[in-house]
2 protein chains.
Amino acid sequence: MTATRSTRQRDVITRIMQAAQGPLAVADVHDRARSDLPGLGIATVYRTLKLLTDQGRIHPVTLDGETLYETSGQGHHHHFSCQDCGRVFTLHTCPVALPSGTVYPGGFIVRAHEVTLYGQCPDCAARV
Amino acid sequence: MTATRSTRQRDVITRIMQAAQGPLAVADVHDRARSDLPGLGIATVYRTLKLLTDQGRIHPVTLDGETLYETSGQGHHHHFSCQDCGRVFTLHTCPVALPSGTVYPGGFIVRAHEVTLYGQCPDCAARV
DNA sequence: CTTGATGCAAAAACTTTGCAGGTCA
DNA sequence: TGACCTGCAAAGTTTTTGCATCAAG
């Protein structure tokens, strides 16, 4: 019987993922976690993110070639990538109406969709 | 003065990109090109794709963590990724209405957007 | 001929894996 | 205490770079 233990490293990483306002890169998680755990190894971050992914608690999203992780269960949502500061935000409003099963021009049967918006986030807009 | 030469390798790779029906991975380009140029090195493929990208003739798109390249100047379009066969198609119909400058809920100023649809392509639907 | 381009191999960047020692239950 | 977990380092992957040689003009 295998068990899955609660450790200081896993707790910290899990908390970071839950507190995030948008998806995070592996390096982001590592950096933030080291505030609490200076000696944390990058391998543990990779292993823990993989564990949480296998548990379905988080999942990866790819943006501009970078693999980021975000918590699951946020419901249908999309992302906004700020072209000024590079941060990625989660959007809870969906700009498309494509129910699963919709047949798209060309005969493509749509089961899901992903949208990413690019532009300027409120912080960067205010900084002008 | 720097020059940029026309070579057999570049011609072949350029032709492959122009003939593609959707974005291609580096390995796809390499495989296809080796039909004509058996000795083609992968480094040349990377260098040529980078060159064409710098020239604005092609550009990268990321899908499911993979970096693919497609020709530029196709106008506004999106992608359809078939969950059965894995191929990526180019769609010329856009499902969202977000003119540049639109302010999205939350105060995000939208400059551009990307949409990827997932489902079953016509070929796979017909194969059932 | 001159200089840019290619192929090979080494290097760099990013992930995963093996191990010995540390920690949770 | 036993089994799981961690950090470190080695091993994979993928992409970039250095170099001697080749070839476009």
- Message: Can you give me the bend angle of the helix from C:dC1-D:dG25 to C:dA25-D:dT1? Use the axis through the first five pairs and the one through the last five, nearest 10 degrees.
- Response: 30°

- Query: B:Leu63: which other cluster members, linking ILVMFWY side chains closer than 4.5 Å, directly or transitively?
  - Reply: B:Val61, B:Leu68, B:Val88, B:Tyr118

- Got a sec, which hydrophobics cluster with B:Leu51, joining ILVMFWY side chains under 4.5 Å apart, including via others? none

- Message: Restricting to side chain to side chain donor-acceptor pair (under 3.5 Å), what partner residues turn up for B:Thr93, sequence neighbours left out?
- Response: none

If the condition is ring-ring contact (aromatic ring centres under 6.0 Å, His included), which residues does [X] pass it with, not counting sequence neighbours?
X	answer
A:Tyr104	none
B:His79	B:His77
A:Tyr69	none

Restricting to pairs with a member in [range], which pass salt bridge (Lys or Arg N to Asp or Glu O under 4.0 Å), not counting sequence neighbours?
range	value
residues 85-102 of chain B	B:Arg87-B:Asp123
residues 107-121 of chain B	none
residues 56-71 of chain B	none

- Protein proximity profile, nucleotides 20-25 of chain D - base contact B, sugar-phosphate-only contact S, no contact -, cut-off 4.0 Å on heavy atoms: ---BBS

- Item | Ring centre gap for B:His76 and B:His113 strictly below 6.0 Å | yes

- Query: For DNA chain C, which residues in residues 34-67 of chain B have a heavy atom at a distance below 4.0 Å?
  - Reply: B:Gly39, B:Leu40, B:Gly41, B:Ala43, B:Thr44, B:Arg47

Quick one: [X] [atom1] to [N] [atom2], roughly how many Å, whole number?
X	N	atom1	atom2	result
A:Arg10	D:dC4	CZ	C1'	8 Å
A:Asp11	D:dC4	CG	P	19 Å
A:His30	C:dA13	NE2	P	17 Å

- Message: C:dT23, OP1 or OP2 - any side-chain N/O from A:Gln9 closer than 4.0 Å?
- Response: no

